[in-house]
Amino acid sequence: MTTVSPTPPPAPRATAGPAVSWLAPAPTRVPPPEAPEAPPVRRGPLAFALLLGAGLDAYVFARHGAKPGVLLLLGLGLGFALFHSRFGFTSAWRQLIAVGNGAGLRAHTLLLGTTATLFALIIGTGSGLFGSEPAPSAGSLGIGLLVGAFVFAIGMQLGGACASGTLFAVGSGQTSIVLTLGGFILGSTLMAWQFDLWKDLPAFDPVVLSDHVGWFGSWGITLLALAGIYALTRAIQRRRTPPPTGAVPTTRGAARRALRGSWPLAAGAVVLAVLGAGVLLVSGGAWGVTSAFALWGSELVGVLGGHPESWSFWQQPGNAEMLAGPVLTDKNSLTDIGIMVGAAVAASLGGTWALHRGVPWRTGVAAVLGGVLMGIGARLAGGCNIGAYLAGIASGSLSGWLWGATALLGTWAGLRLRPLFGLANPKPSDGVC
């Protein structure tokens with residue numbers, strides 16, 4: 001008699017794990033901390049900042065016209081948004097390199113993608129206000145770009161802020177960042193003075209995607225590249241599960257939070273993109289920061305009896321007119337001043353405006369040195385994290401991508417220099433980074 005073995009039951013099918021939403025927060029080592037309640041409004045600093053902003057803008061409108069007045073208003077809005085969202089470039093790169101937290105860099109991709117979309121609409125259609133003709137920001141590809149971005153990134157990590165971060169931190173009363181701003185102006189002025197030493201560094205002509213695939217193609221390629229970066233930072237964060245980013249003071253209620261609390265990074269990215277596009281629409285040029293520092297320093301040299309007009313930097317096309325004209329008609333000076341005043345308004349509303357005292361001497365040295373390095377790097381690279389990185393990528397320029405990649409390498413180097421000045425780096429075991 002033949003015995004027939006029973007047919008074994010089918011093996012259970014593997015069940016898929018929970019679906020991962022690309023919109024859900026990436027995992028961190030511990031849950032993010034609760035945000036503390038915002039302190040009371042600082043009424044004295046708020047009144048001063050509001051009067052300063054309103055009076056200065058009224059003067060610019062009356063003295064120089066609507067175009068500079070609108071640019072100053074846009075700067076005030078940029079400062080307000082930068083402070084409330086604490087939108088950082090320095091901290092975003094530091095957190096990614098040190099512990100793998102890519103939340104800040106993912107916010108960059110939203111800022112860059114939104115700005116690229118608005119730039120494509122504005123430049124692609126030739127739209128402009130006050131007779132301006134919008135143009136993309138494109139830098140040469142060469143030694144200056146690579147060395148400048150690397151040096152700038154080291155300076156960010158030592159100085160504690162990037163170009164835009166320096167301005168809104170100064171506006172909020174951070175004393176050590178005032179030292180960074182001073183070094184930034186010094187480094188920028190030194191590079192303008194010694195322009196002949198670096199103006200002829202080897203470089204290739206700018207490469208702008210729209211010249212080859214049109215504005216729609218340039219926009220599509222840029223968004224695909226940014227989506228890839230977004231996905232890569234999530235993969236890195238899932239693998240390393242870093243500490244969460246720290247919470248900043250806020251308040252409850254949509255209207256109160258908009259004026260006094262902390263904004264989500266995504267909200268800050270969109271608002272900054274819209275305001276930055278407004279600068280392009282009004283002036284014809286992208287939002288920039290650091291050329292104003294060379295102008296301010298050179299003007300100071302003139303006041304002290306020097307002759308910056310004899311420097312070859314200020315004899316270049318466009319630069320001569322900038323030096324000869326009033327500072328309050330210079331696009332970047334207007335938005336820079338506006339950022340500082342707008343950040344002072346925001347910090348006062350949020351109850352956090354304060355003049356910090358007792359800066360440790362090593363921190364002060366690092367701040368000045370970092371500022372000088374950023375001034376040097378920005379001039380070599382033709383811009384900073386705003387004028388070269390943000391405006392370059394949003395314009396479809398290869399220079400913006402090279403600036404960002406090189407700045408990541410400079411960030412790695414800067415993190416290794418920070419402990420020499422008593423500056424801490426995030427660690428995987430930290431509660432927040």
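Since we're looking at a predicted model, the values are computed, not measured. Side-chain atoms are counted along with the backbone in the values below, which use heavy atoms only and exclude waters and symmetry mates. The residues of the chain are indexed from 1 along the displayed sequence.
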Listed pairs under 3.5 Å, donor-acceptor, residues 266-281 side chains, sequence neighbours left out:
none

- Output all residues satisfying side chain to side chain donor-acceptor pair (under 3.5 Å) with Ser333, sequence neighbours left out; order by chain, then residue number. Trp296, Asp330
- Considering residues at least two apart in sequence or located in another chain, which fulfil the side chain to side chain donor-acceptor pair (under 3.5 Å) criterion with Asn332? Ser291
- Any side-chain hydrogen bond (donor to acceptor under 3.5 Å, both in side chains) pairs touching residues 87-104, not counting sequence neighbours? Arg94-Gln157
- Message: Measuring from atom CG of Leu409 to atom CG of Leu146, what distance do you get when rounded to the nearest 0.5 angstrom?
- Response: 9.5 Å
- So, Ser397 and Ser399: side-chain donor and acceptor under 3.5 Å apart, yes or no? yes
- In Å, rounded to the nearest 0.5 Å, how long is the span from OG of Ser132 to NZ of Lys331? 11.0 Å
- Can you list every ring pair (Phe, Tyr, Trp, His ring centres under 6.0 Å) pair that touches residues 33-72, not counting sequence neighbours? none
- Task: Kindly compute the distance separating CZ (Phe83) from CE (Met340), expressed to the nearest 0.5 Å.
- Result: 15.5 Å
- Heavy-atom nearest pair, Phe152 first then Phe184, reads CE1-CZ, 3.6 Å
- Which value, rounded to the nearest 0.5 Å, describes the distance between Leu105 atom CG and Leu265 atom CG? 11.5 Å
- Message: With a 4.5 Å cut-off on side-chain heavy atoms, are Thr115 and Trp287 touching?
- Response: no
- Query: Can you name the residues that form a side chain to side chain donor-acceptor pair (under 3.5 Å) with Asp205, not counting sequence neighbours?
  - Reply: none
- Query: Side chains of Thr251 and Arg256: do they bring a donor and an acceptor to under 3.5 Å?
  - Reply: yes
- Task: Nearest 0.5 Å please: distance from the OH atom of Tyr230 over to the CZ atom of Arg106.
- Result: 6.0 Å
- Message: Rounded to the nearest 0.5 Å, what separates atom CZ in Phe168 from atom CG in Leu82?
- Response: 6.0 Å
- Message: Once you measure the plane-to-plane angle for His108 and Phe89, does it fall in the parallel (<30°), tilted (30-60°) or perpendicular (>60°) bin?
- Response: tilted
